[in-house]
Amino acid sequence: MKAVIQRVIQASVTVGDQTVGSIGRGICVFIGISKHDTEKEMDYIIRKILNIRIFSENEDKRWMKSVVDMDYEILCISQFTLDVTLKGNKPDFSKAMGPDLARPFYKTFLDTLRSRYKPDKIQDGEFGAYMQVHIQNDGPVTIPLEIKSNK
């Protein structure tokens, strides 16, 4: 399982002409699910999303606060392209979990994330849709995370 966390001033995701998720200050998280991922990998990524210290209360103490500490928002976006292997110049996504299994896995991920934080602070895109993601980075700060399953 992979996640790319970006600290943002604001972020939103649209499908067609409709905004399906929008946050103010917080983090935008792109989630890639491997075909061998389990709840163990999910739990690790969720703990990191909620606890990674990428915010500052003031200029003197940087990297001291998490999104939870600051009571900020989270925008999650499912992105199978994070699980890519290049064959020459052609992307191969065969290691990504297929949509039939990834959709319920991602829903469980969101439900678990919401149960561990504040549900009203968590937004998401639309699984499987062609989305436009609008991000105003803060910093910019971008943190990649990966945990490989034991399989």
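Since this is a predicted model, take the numbers as computed values, not measurements.
- With rounding to the nearest 0.5 angstrom, the CZ atom of Arg103 is 11.0 Å from the CD1 atom of Ile33.
- Interatomic distance, CD of Glu39 versus CE of Met1, reported as 11.0 Å (0.5 Å rounding).
- Between the side chain of Gln18 and the backbone N or O of Val15 there is no donor-acceptor pair closer than 3.5 Å.
- The cluster map of Ile, Leu, Val, Met, Phe, Trp and Tyr, joined by side-chain heavy atoms under 4.5 Å apart, puts Leu113 and Leu145 in the same cluster.
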- request: May I have the step-by-step check of side chain to side chain contact (heavy atoms under 4.5 Å, CB included) for Val68 and Asn51, ending in yes or no?
  value: CA-CA 7 Å; Val68 173; Asn51 295 302; 5.5 Å; no
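- Contact check for Ile143 versus Ile52: side-chain heavy atoms found under the 4.5 Å cut-off.
- By the rule that hydrophobic residues join a cluster once side-chain heavy atoms approach within less than 4.5 Å of another member, Trp63 and Ile49 end up as members of one cluster.
- For the pair Phe80 and Met97, the minimum side-chain heavy-atom distance is 4.5 Å or more.
- Using a 4.0 Å cut-off between charged side-chain N and carboxylate O, Glu73 and Lys121 make no salt bridge.
- A pairwise comparison of heavy atoms in Ser56 and Arg62 identifies OG-CA, 3.1 Å as the closest pair.
- In terms of modelled atom types and a separation under 3.5 Å, the side chain of Asp37 and the main chain of Ser34 share a donor-acceptor contact.
- Of the possible donor and acceptor atoms, none in the side chain of Arg7 sits under 3.5 Å from a partner among the backbone N and O of Gly26.
- The residue from Ile54, Thr142, Ile45 that alone fulfils the side chain to side chain contact (heavy atoms under 4.5 Å, CB included) condition with Ile5 is Ile54.
- For the ring pair (Phe, Tyr, Trp, His ring centres under 6.0 Å) test, residues two or more places apart in sequence or in another chain that qualify with Phe55 are Tyr72.
- Residues Val4 and Leu82 have side chains in contact (heavy-atom distance under 4.5 Å, counting atoms from C-beta outward).
- Applying the side chain to side chain contact (heavy atoms under 4.5 Å, CB included) test between Cys28 and each of Ile74, Ile135, Val13 identifies Ile135 as the sole match.
- Contact of the Ile23 side chain with the Val8 side chain is registered, since non-hydrogen atoms from C-beta on lie closer than 4.5 Å.
- By the rule that hydrophobic residues join a cluster once side-chain heavy atoms approach within less than 4.5 Å of another member, Leu101 and Ile147 end up as members of one cluster.
- Lys48 has its side chain within reach of Tyr44: a pair of non-hydrogen atoms, C-beta onward, lies under 4.5 Å apart.
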- request: Take Leu110 and Cys76 through the side chain to side chain contact (heavy atoms under 4.5 Å, CB included) test and state the conclusion after the steps.
  value: CA-CA 8 Å; Leu110 288 172; Cys76 293; 3.9 Å; yes
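- Residues Leu86 and Pro91 meet the side-chain proximity criterion, which asks for heavy atoms closer than 4.5 Å.
- Counting only distance, with no hydrogens or angles, the side chain of Thr14 and the backbone of Asp17 share no donor-acceptor pair below 3.5 Å.
- The closest side-chain heavy-atom distance from Ile27 to Val67 is below 4.5 Å.
- Side-chain atoms of Asp124 and Phe109, non-hydrogen and from C-beta on, never get closer than 4.5 Å to each other.
- Salt bridge Arg114/Asp120: absent, no basic N to carboxylate O contact under 4.0 Å.
- A salt bridge between Lys35 and Asp83 is absent, with no side-chain N of the basic residue lying under 4.0 Å from a carboxylate O of the acidic one.
- Here the OH atom belonging to Tyr106 is positioned 8.5 Å from the CZ atom belonging to Phe127, to the nearest 0.5 angstrom.
- Pairs of residues two or more places apart, or lying in two chains, that qualify as side-chain hydrogen bond (donor to acceptor under 3.5 Å, both in side chains) and include a residue from residues 86-102 are Lys87-Asp92, Asp92-Ser94.
- No donor-acceptor pair under 3.5 Å is formed between the side chain of Thr19 and the backbone N or O of Gly21.
- Heavy-atom minimum distance, Val29 versus Ala3: CG1-CB, 4.1 Å.
- One distance of note links CE of Met70 with CD of Glu57; it measures 6.0 Å at 0.5 Å rounding.
- At a cut-off of 3.5 Å, with distance as the only test, no side-chain donor of Thr108 or Asp111 sits close to an acceptor on the other residue.
- Separating the OG atom in Ser66 from the CG atom in Leu50 is a distance of 7.5 Å, to the nearest 0.5 Å.
- Of the possible polar contacts, none joining the Lys2 side chain to the Gly32 backbone as a donor-acceptor pair under 3.5 Å is found.
- Here the CZ-CE distance, from Phe105 to Met42, works out to 3.5 Å after rounding to the nearest 0.5 Å.
- Taking a cutoff of 4.0 Å between a charged side-chain nitrogen and a carboxylate oxygen, Asp43 and Arg116 qualify as a salt bridge.
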